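See below for the structure under consideration.
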Amino acid sequence: MNLTDYIESHRNEHLAELKQFLKIPSVSTKAENKADVERAAQWVANKLRGSFSHVEVIPTKMHPLVYAESLHDASKPTVLFYGHYDVQPPEPLELWTSPAFEPTERNGNLYCRGSVDDKGQVHIHLAAFEALHKTLGKLPINVKVLIEGEEEVGSESLYEFVKGNKPKLKADALVVSDTGMLGPGVPSVTYGLRGLNYYQMEISGPAQDLHSGVFGGAVPNPLTVLCELFAKMHDKNFHVTVPGFYDDVAALSKAERKALNSLPWKAKDFKKTVGAPELCGEKGFSIVEQVWCRPTFELNGLWGGYMGEGAKTVIPAKAWAKFSTRLVPDQDPDRIAKQVEKYIRNLLPNTVECTMFETLSKGKPWVAPFTHPYFKAAQRALEHGFGKKAVFIREGGSIPFVTDMHDTFKVPCILMGFGLPDENAHAPDEHISLENYFGGIKAVANFYQDLGTV
Ligand code: BES
Ligand code: MN
Ligand code: MN
């Protein structure tokens with residue numbers, strides 16, 4: 001049987017298998033799911049054993065890494081495929097139409113936590129490896145596979161592993177499917193990602209919670225202090241006010257600006273997905289530039305005081321915040337972390353004390369030229385899978401491993417994403433379009449086959 005017929009005739013098997021994988025609640029951030037995360041790693045390893053002679057589940061301090069290789073033809077190139085089998089927590093559960101870990105088909109989509117980020121996209125490659133192995137008797141090129149279980153919590157074990165295993169991971173290209181398509185029916189190759197620094201802080205005012213009637217009016221309120229602080233982080237043009245924040249931002253070339261702004265993309269669709277009454281963004285830049293090419297400061301959580309039912313008249317002793325900065329070339333995560341911390345500490349009034357300031361994680365931005373012949377191969381493969389010419393895009397999300405590999409090996413990183421912007425990654429009712437899932441298998445299988453002939 002040829003490759004296309006095999007893929008076409010195994011749609012039901014592939015989908016049924018993906019559902020099995022999705023049912024495992026591999027939430028990396030929760031201790032109660034540790035056994036499930038382990039089970040998901042074993043599931044991936046078992047699946048890989050069908051097409052790879054060497055498969056390992058590598059224990060780490062937190063969640064296992066799955067590594068496989070099939071290095072059988074020295075005359076062919078070697079690619080490293082990277083993905084993650086861990087998922088975000090499903091909460092808030094009451095907002096899911098069908099239960100978060102019961103894969104459910106509705107309107108041509110498959111709903112489940114992990115369906116698009118990233119288990120569904122990982123399975124596209126697992127199915128493609130199977131199809132190639134079954135129809136050719138072996139993989140058409142040399143392949144290394146690295147699937148981690150800590151992507152959603154900072155990939156610490158992965159970096160530990162990379163540090164000690166560089167030769168093991170060396171390849172001619174990195175292949176990743178953990179990004180999106182520009183829109184429905186527009187297959188896309190991503191050549192840029194933003195970096196991410198994540199911070200958390202605690203401030204303390206009164207020595208303990210106070211009765212707001214007895215003390216209110218004369219004492220500092222840490223929550224109000226944080227509100228004032230974060231209200232100062234942007235000016236009226238939505239520029240970030242951290243001194244030096246934009247110093248190293250590389251200007252877009254005229255040609256790139258033009259190319260990005262003429263992509264088949266509609267602000268109307270973006271607004272609809274967002275669902276807010278109005279958009280707001282940095283003045284002087286288009287939406288595409290704002291989310292792909294400009295750095296941001298975002299408050300991600302602010303808490304303290306009373307958050308239970310009914311009223312409690314209290315002035316909280318402490319208040320907390322989580323916030324992050326998305327970074328673009330050529331911003332340096334270390335330098336930005338220092339600037340942000342210094343600015344925030346300086347802005348705090350002397351009525352409160354900063355009792356904790358931590359940069360939880362740092363990650364570099366990535367952008368690379370798409371001139372290597374493998375990018376053309378990706379474009380051809382995507383056209384084969386989707387019947388339409390692929391476009392080259394940048395994205396606003398972050399996959400720090402991509403930067404790491406690119407810096408280490410200076411190899412082309414081919415990001416073929418199959419998610420859509422409105423598929424609710426990290427949110428309730430996460431789903432993947434079945435058309436994109438099946439189109440993805442075709443495209444990816446053809447890509448690997450084609451690399452055997454480039
Ligand atoms: N798959 C996403 C990254 C992504 C999303 C890239 C959308 C491009 C478009 C990944 O799983 C993710 O969520 N990354 C985190 C950062 C990570 C360090 C926790 C992110 O971007 O917030
Ligand atoms: Mn992901
Ligand atoms: Mn994610």
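Note that ligands are numbered from 1 as they come in the structure, with each ligand's atoms numbered from 1 the same way. Everything quoted here is computed from the prediction, not taken from an experiment. Start at 1 with the first residue, then count along the sequence.
Closest to atom 4 (C) of ligand 1 among all protein heavy atoms lies Asp178 O, 3.8 Å. Protein heavy atom at the shortest distance from atom 5 (C) of ligand 1 is Gly397 CA, 4.2 Å. Scanning the protein heavy atoms around atom 14 (N) of ligand 1, the nearest turns out to be Ser398 O, 3.0 Å. The nearest heavy-atom contact from the protein to atom 22 (O) of ligand 1 is Arg326 NH2, 2.7 Å. The single protein non-hydrogen atom nearest to atom 9 (C) of ligand 1 is Glu395 OE1, 3.3 Å, given as residue, atom name and distance.
For Lys362, the heavy-atom gap to ligand 1 stays at 4.0 angstrom or more. His426 counts as a contact of ligand 1, since one of its heavy atoms falls under 4.0 Å from the ligand.
A distance of 6.0 Å or more separates the ring centres of Phe52 and His133. In this structure, Phe230 has its ring center under 6.0 Å from that of Phe323.
Looking at Asp178 and the Mn ion (ligand 2) together, the shortest N, O or S contact belongs to OD1. Looking at Glu152 and the Mn ion (ligand 3) together, the shortest N, O or S contact belongs to OE2. The N, O or S atom of His84 with the smallest distance to the Mn ion (ligand 2) is NE2. Taking the Mn ion (ligand 3) as reference, Asp117 places its N/O/S atom OD2 nearest.
Among the backbone and side-chain atoms of Glu151, no N/O/S atom is found under 2.8 Å from the Mn ion (ligand 3).
Which parts of ligand 1 touch Glu151 is read off a 4.0 Å heavy-atom cut-off, strictly below it: atoms 10 (C), 11 (O), 12 (C), 14 (N), 17 (C), 19 (C). Distances below 4.0 Å separate heavy atoms of Thr179 from the following atoms of ligand 1: 6 (C), 8 (C). For ligand 1 and Leu196, the ligand atoms under 4.0 Å from any heavy atom of the residue are 16 (C).
Cation-pi geometry between Arg113 and Phe101 is not satisfied (NZ or CZ under 6.0 Å from the ring centre, within 45° of the ring normal). The side-chain tip of Lys47 does not point at the ring of Phe21 from less than 6.0 angstrom away and within 45° of straight on. In this structure, Lys119 fails the cation-pi test against Tyr85, since its NZ or CZ atom is not both closer than 6.0 Å to the six-membered ring centre and inside 45 degrees of the ring normal.
The residue from Val145, Ile147, Leu158 that alone fulfils the side chain to side chain contact (heavy atoms under 4.5 Å, CB included) condition with Tyr82 is Leu158. None of Trp366, Phe370, Phe375, Tyr374 except one satisfies the ring pair (Phe, Tyr, Trp, His ring centres under 6.0 Å) rule with Tyr191; the exception is Phe370.
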Could you give me the CA-CA distance, side-chain angles and deciding distance for Asp404 and Lys364, then say whether salt bridge (charged side-chain N to carboxylate O under 4.0 Å, His left out) is met?
CA-CA 8 Å; Asp404 213 48; Lys364 279 201 216 169; over 6 Å; no

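Considering only heavy atoms from C-beta on, Ser155 comes within 4.5 Å of Glu148 through its side chain. You'll find the side chain of Met201 reaches within 4.5 Å of the side chain of Cys354, heavy atoms only. Side-chain contact between Thr78 and Ile141: absent, with no pair of heavy atoms (C-beta onward) separated by less than 4.5 Å.
For Glu150, no heavy-atom contact with ligand 1 is shorter than 4.0 Å.
At least one N or O atom of His84, backbone or side chain, sits closer than 3.5 Å to an N or O atom of ligand 1.
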